[in-house]
Amino acid sequence: MLSLYSIVRTAIVHGIESVPVYVEADVSDGLPMFEMVGLLSAEVREAKERVRTALRNLGHTLPARRITINLYPAYVKKSGSSYDLPIAVAVLAAMGVIRAELLDRLLIIGEIGLNGDIQPIHGVLPLVAQAREQGIERCMVPSGNETEAALAEQIQILPVAHLRNVIHILNTEEFENKEERAVPKEPEEKSCLDFSDIHGQHFVKRACEVAVSGMHHMLMIGPPGAGKTMVAKRIPSILPALTRAEQLELSKIYSVCGLLDNQSALLTERPFRCPHHTISPQGLSGGGSVPKPGEISLAHKGVLFLDELTEFRHETLEILRQPLEEHQIRLVRISGAYTFPADFMLVCAMNPCSCGYYPDRERCNCSPAMLERYTKKISRPLLDRIDICVEARQMEYRELTGEQKQEESSETIRERVAVAQERQRHRFRGTELCYNSRIPAADLEKYCSLTEKEKKYMEHIYEKMGLTARTYHKILKVARTLADMEDQTDIGMNHLSEAICYRSADRQYREGAV
Amino acid sequence: MKYEYWFAAVAGIGLAKRMRLLELFGSAKQLYHTEEKELLKTGVDSETVTLLIQSRQKWQLDKEWEKLEERHIHMVTVEQGYYPRKLSRIAAAPYALFYKGALPDEEQKTLAIVGARNCSEYGRYLATEIGAAAARAGLQVISGMALGIDGAGHSGAIREHGITHAVLGCGVDCCYPRQNRSLYEALCLHGGVLSEFVPGTPPLPQFFPRRNRIISGLSDVVVVVEARERSGSLITADYALEQGKDVYAVPGRVGEQLSAGCNRLIRQGAGIVISIEDFFKELQVAGISQPPEQLPAKKILEKDACLVYSVMDLQPKSISELVEKTGLQVDRVCSILIGLENVKMIREVSHSFYVRSEMFSE
């Protein structure tokens, strides 16, 4: 008897991209056996049992012949549960149950239950999006992933809920007619966090607006209960809306992590991630033998908020150094090198000392040594990457309850931010830069030039305050943003002095020097 | 001197016993050369004899003395003429003093400035100014080189090129607390660093109360700037009273922990510092000059700056508090603050916290 052969196209997630994988099935004479090869991990090997049982439950008992399954390219380590369906389809095609010629230009992914149900999987969006780019016409996905898959436009999605549907669709070519697509629902309610909820705190609010306008990283120092977290949670509400491309990129990251909601699959809001301070370095950067994105990638295009910065483990914070410079993280594992985007705005919060009330000596009784130990927990290199540092303070009762004027809404602030950012984009056109915070030191002269008067002023301040070169650069960048916010071409004195007040705590605790 | 150094370095012998041994044998040299049998005969207890014999065997007289000289550490014992007379009059005067720099000038009046380590900005400011004013008045300043008030008193005197001495609770070769390294070096140039402990002694908590008797002993007047109840500064004040020195305290608000010790001293009859000028007038020291730099009068400030300034006081105020209280724009407040700091009317004491820097003008 002739040997029967079939090939099915599927794919594997690699980082947040995908790599095509082909499943070959061969049914030939020989001792009855079911063998799978092609650098498979344990969960892929288990597919054999799931497929065999699911097929038998459908009435397609495997023939008592030699069945060989090969997944290639063989150098790619295959892991995950998305191979069940392609393997089942390949076997069915090789057995002659479904027509093999239809499998050309069709991507199949999905996990199978023992009764033949198709279960949703993680990472559908990157797989489908990549398939479209490779010119594949159709994608067969678990119906639980339909909305997510539909985000990749210009490709036909065939949602399947049961193995029976699969056989039916492939044999009757019914998919040719299926035109209607699942439309992702618009998110019903937008996040209700708004800056108008915060009374007073004008200094911190202003600092947030400056930070967002120039995408500067920010540190808030203040006693417990000063509203640091409350402010931080509202920062995404003043970030400009995500573009469609950004939404897709972000949704891909969440898809790989299995965090997409099938009801409204596309992420339209800027993420806000606030990992607990016990998080491991791998949790922050992304990890695993086949790495999954970590918190810094989940905060891509949004805000990464590190509350109680001093409580984070030292080696966890050190992870942030490279992503803060390159806006992506590269992880090298035995299975290959993975790059995840990590272009986030860092917002940190900490107490001024271990009791939280310094310099209010009526309440704070921390010794100078304790103060020093507390601030030393944060590494210099990390502080160096934070441009804006402000103190938040506890509100007085009067400010909380007294007659309140209407506070500005996030929407109003967001409009101003958009204008300031547009101005920056205009200035940086033709370069890779897009925000003031990203100006390299070499280009400062070009973008943040000062006039004679301002130069004199800064020279005076530089010497008097004993600034470092790095602090000086930070002041210039923040002043540039402040000028942009006022639509000024030149940096003025008021911009510089405000920027000086935002500079990070270079000389925070001077008691050391008496 | 090498014999005296050996005698001072013998561990395990208390001050009283050391003085008695000295009385018995006349000098350290004599003691060093006395045989074991002789020692026992004179009625010295066997434990002490063992200690003496052991240390004699280990101690290399010449080498140790050379090491001391190499480190520019000087030594004076009660037997010598230049041992501070003020100190020799107190109970439990130390047998030897080790010092870097110089000893206090006996002809000059000396003011001790002591107080809390975790002091407020107000206390730090006041201690600095008292130190500076003392230096201008030709007084020597003595204190313990601790963080906070002590260090501020020293640095005030150094600022005005005065003479100031520190008494340490460890060997003089050891800079404790280490944050005061630069102050330690400045002290060696502008006065001296003293200790009754043998060089190399680590700073142990039990040493600090003892050194306070030397601080008060070397001074004529002790001023306590900020002290909690049961603070080390009160030990200094107690010693000072025992030794018959004048004690002054800076008053604080009722209920303020940092001033509770000072207020108690006042209750017990200590002098009150109501202003720096008044304090020095009371000390009857002539020649107190005005602060060198005249502060600009408040009147010449423009309206907004005047508003910001009026909201501030000697307690640190944060920028955000100033923004809320004045109702001005953030950039306006920042420009004003930097302007005011430039003319030295205010100071930034901690990141974005400011205080007024003058207190006696107006």
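Throughout, a chain's letter reflects where its sequence line sits, starting with A, and its residues are numbered from 1. The shown structure was predicted, so the numbers you read here are calculated from the model rather than taken from an experiment. Every heavy atom of this structure was used, including side-chain atoms; hydrogens, water molecules and symmetry mates were not.
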Report task. Taking A:E498 for its side chain and B:V330 for its backbone only, find out whether a donor-acceptor pair lies under 3.5 Å. Result -> no

**Report entry** Nearest non-hydrogen partners of A:N494 and B:S335, listed with the distance
**Finding:** CA-OG, 3.9 Å

Query - Test: B:K317 and A:E391 ion pair at under 4.0 Å - result: no

Counting heavy atoms not belonging to [X], are there more than 12 under 6.0 Å from its [atom1]?
X      : atom1 : value
A:E454 : CD    : yes
A:R385 : CZ    : yes
B:R264 : CZ    : no

Query - Residue among B:A116, B:S318, B:P316, B:P177 with most heavy-atom pairs under 4.5 Å to chain A - result: B:S318

Is there a side-chain contact between [X] and [Y] in this structure, where contact means two heavy atoms from C-beta onward sitting under 4.5 Å apart?
X      : Y      : result
B:I338 : A:Y457 : yes
A:R393 : B:E324 : yes
A:H460 : B:N342 : yes
A:M370 : B:N118 : no

Requested in this report: Please look at B:R228 and chain A and tell me whether the side chain, the backbone, both or neither of the residue comes under 4.5 angstrom of a heavy atom of that chain.
Outcome: side chain

Query raised in the report: Quick one: what part of B:L258 sits under 4.5 Å from any heavy atom of chain A, side chain, backbone, both or neither?
Result: side chain

Nearest 0.5 Å, please: how far is [atom2] in [Y] from [atom1] in [X]?
X      : Y      : atom1 : atom2 : value
A:H495 : B:C334 : NE2   : SG    : 12.0 Å
A:M485 : B:D331 : CE    : CG    : 9.5 Å
A:C501 : B:E348 : SG    : CD    : 7.5 Å
B:I319 : A:R206 : CD1   : CZ    : 12.5 Å

Report summary line: Honestly, the part of A:L496 sitting under 4.5 Å from a heavy atom of chain B is neither

